[in-house]
Trainee: 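Got a structure for you, questions after.
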Amino acid sequence: MQILNDKPKLLSSILGVQSLFTICFFFSSLAVSSTANNGFNVVLDALLYAMYCLGGLYVLNRSQSGLAVGFLIGVACMTTINSLKTAIFWGQLTGCEETVDGTVPHYSCSHIGGYRAICVFSIIMFVLSFVFTYILVEAKDEIVEGNITKGYDNVGASSFNSGAGAGAAYQPQQNSGQPITADL
């Protein structure tokens, strides 16, 4: 189980699994898109899940700056909360009454199987997003470019040491035999 030790690959794998469930969620959302008052919302959720998965894969594989990883942590937290909200709403909607359909304005209950599918996929997305967010927060230092696992390039390079570069030994400047100090 070498993948468990490589956090970026583990996170990419989790996002890959989420992408598969996002496709299923998207097709289920199209089936229930005619639901009154929330049909558009579930299609929008499906599109947001797709953008989250694609953006997360981009950050993990191409743009591993601190800002990008921090942004991904924020998006992952919000996606986790949105998945829970969606699961609760559509889970409650599975208990709707088909006999009332059409007699109450702005009420529809015609796709109970689709409502269940949305609920199940939202629960799966919630669990995967929660695990992804937890691992991402724990491994953020390992993922960000320029951290200790990838090494520091040109840490000591500055205009004060005449461009000696990383690894150059510090040599204080001498002024008439006396070292320059900050004593006032």
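The first residue in the sequence is number 1, and the count goes up from there.
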Trainee: Using only atom types and a distance under 3.5 Å, with no angle test, would you say the side chain of Ser33 pairs donor to acceptor with the backbone of Leu30?
Mentor: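 Checking the backbone N and O of Leu30 against the side chain of Ser33, a donor-acceptor pair under 3.5 Å is found.
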Trainee: Side chain to side chain contact (heavy atoms under 4.5 Å, CB included) with Phe121: which of Ser83, Cys24, Ser29?
Mentor: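 Answer after filtering Ser83, Cys24, Ser29: Cys24.
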Trainee: Would you say the side-chain atoms of Gln92 pair up with the backbone N or O of Ile88, donor to acceptor, closer than 3.5 Å?
Mentor: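 Such a contact is absent between Gln92 side chain and Ile88 backbone.
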Trainee: Compile the donor-acceptor pairs under 3.5 Å between side chains in residues 15-23 and protein atoms, sequence neighbours left out, one pair per line.
Mentor:
unit_1	atom_1	unit_2	atom_2	d
Gln18	NE2	Ser129	OG	2.8
Ser19	OG	Leu15	O	2.8
Thr22	OG1	Gln18	O	2.7

Trainee: To the nearest 0.5 Å, what is the distance between CG on Leu93 and CD1 on Ile112?
Mentor: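 The CD1 atom of Ile112 is 8.5 Å from CG of Leu93, to the nearest 0.5 Å.
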Trainee: Treat each ILVMFWY residue as a node, draw an edge where side-chain heavy atoms are under 4.5 Å apart, and state whether Phe71 and Ile14 are in one component.
Mentor: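 Yes; Ile14 is reachable from Phe71 via cluster members.
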Trainee: Do the side chains of Phe132 and Leu72 get nearer than 4.5 Å, heavy atoms only?
Mentor: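 They are in contact (side-chain heavy atoms under 4.5 Å apart), so the answer is yes.
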Trainee: Please examine the side chains of Phe89 and Asn41, heavy atoms only from C-beta on, and report whether any two atoms are closer than 4.5 Å.
Mentor: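 Sidechains of Phe89 and Asn41: no contact.
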Trainee: Name all residues meeting the side chain to side chain contact (heavy atoms under 4.5 Å, CB included) criterion together with Tyr58; count only those two or more places apart in sequence or in a different chain, and write none if there are none.
Mentor: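 Expected list: Arg62, Ser63.
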Trainee: Applying side chain to side chain donor-acceptor pair (under 3.5 Å), can you list everything that pairs with Asn61, at least two apart in sequence or on another chain?
Mentor: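 Not a single residue meets the side chain to side chain donor-acceptor pair (under 3.5 Å) criterion with Asn61.
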Trainee: May I have all residue pairs that pass side-chain hydrogen bond (donor to acceptor under 3.5 Å, both in side chains) and include part of residues 111-126, sequence neighbours excluded?
Mentor: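 Qualifying pairs: Ser34-His111, Thr35-Tyr115.
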Trainee: Same hydrophobic cluster for Val43 and Val32, using side-chain heavy-atom links shorter than 4.5 Å among ILVMFWY?
Mentor: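 Cluster IDs for Val43 and Val32 match.
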Trainee: Treating Ile, Leu, Val, Met, Phe, Trp and Tyr as nodes and any side-chain heavy-atom pair under 4.5 angstrom as an edge, say whether Phe130 and Ile124 lie in one connected cluster.
Mentor: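 No, Phe130 does not connect to Ile124 through the hydrophobic network.
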Trainee: Hydrophobic cluster mates of Leu67, side-chain heavy atoms under 4.5 angstrom, ILVMFWY only, any path?
Mentor: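 None; Leu67 is a cluster of one.
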Trainee: Which heavy atom of Thr133 sits nearest to which heavy atom of Cys77, and what is that distance?
Mentor: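 Of all heavy-atom pairs spanning Thr133 and Cys77, the closest is CG2-SG, 3.7 Å.
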Trainee: Might you point out which heavy atoms bring Ala117 and Ser28 nearest each other, and give the distance in Å?
Mentor: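 Scanning both residues, the minimum pair turns out to be CB-OG, 3.7 Å.
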Trainee: Roughly how far apart are Asp6 CG and Ser12 OG, rounded to 0.5 Å?
Mentor: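 It is 8.5 Å, given to the nearest 0.5 Å.
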Trainee: Hey, any chance Leu54 and Met125 share a hydrophobic cluster, counting ILVMFWY side chains that come within less than 4.5 Å of each other, even indirectly?
Mentor: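 Unlinked, Leu54 and Met125 end up in two clusters.
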Trainee: Of all heavy-atom pairs between Val75 and Tyr52, which one has the smallest distance, and what is that distance?
Mentor: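 Scanning both residues completely, I find the closest heavy atoms to be CG1-CD1, 3.7 Å.
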Trainee: Could you work out, with side chain to side chain contact (heavy atoms under 4.5 Å, CB included) as the rule, every residue matching Val69, not counting sequence neighbours?
Mentor: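 Listed in chain order: Val59, Ile73, Leu136, Lys140, Ile143, Val144.
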Trainee: Taking side chain to side chain contact (heavy atoms under 4.5 Å, CB included) as the definition, give me every residue that meets it alongside Asn82, ordered by chain and number, with sequence neighbours left out.
Mentor: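 Asn82: side chain to side chain contact (heavy atoms under 4.5 Å, CB included) contacts with Asp45, Tyr49, Lys85, Thr86.
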Trainee: Could you walk me through whether Ile81 and Phe126 pass the side chain to side chain contact (heavy atoms under 4.5 Å, CB included) test, one step at a time?
Mentor: CA-CA 8 Å; Ile81 293 168; Phe126 170 73; over 6 Å; no
Trainee: Quick one: hydrophobic cluster around Met51, which other residues, with the 4.5 Å side-chain cut-off, linked directly or via members?
Mentor: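 Besides Met51, the cluster holds Phe40, Leu44, Leu48.
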Trainee: If you link ILVMFWY side chains whenever their heavy atoms are less than 4.5 Å apart, which other residues fall into the same cluster as Ile123? By chain and number, please.
Mentor: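 Members besides Ile123: none; it forms no cluster.
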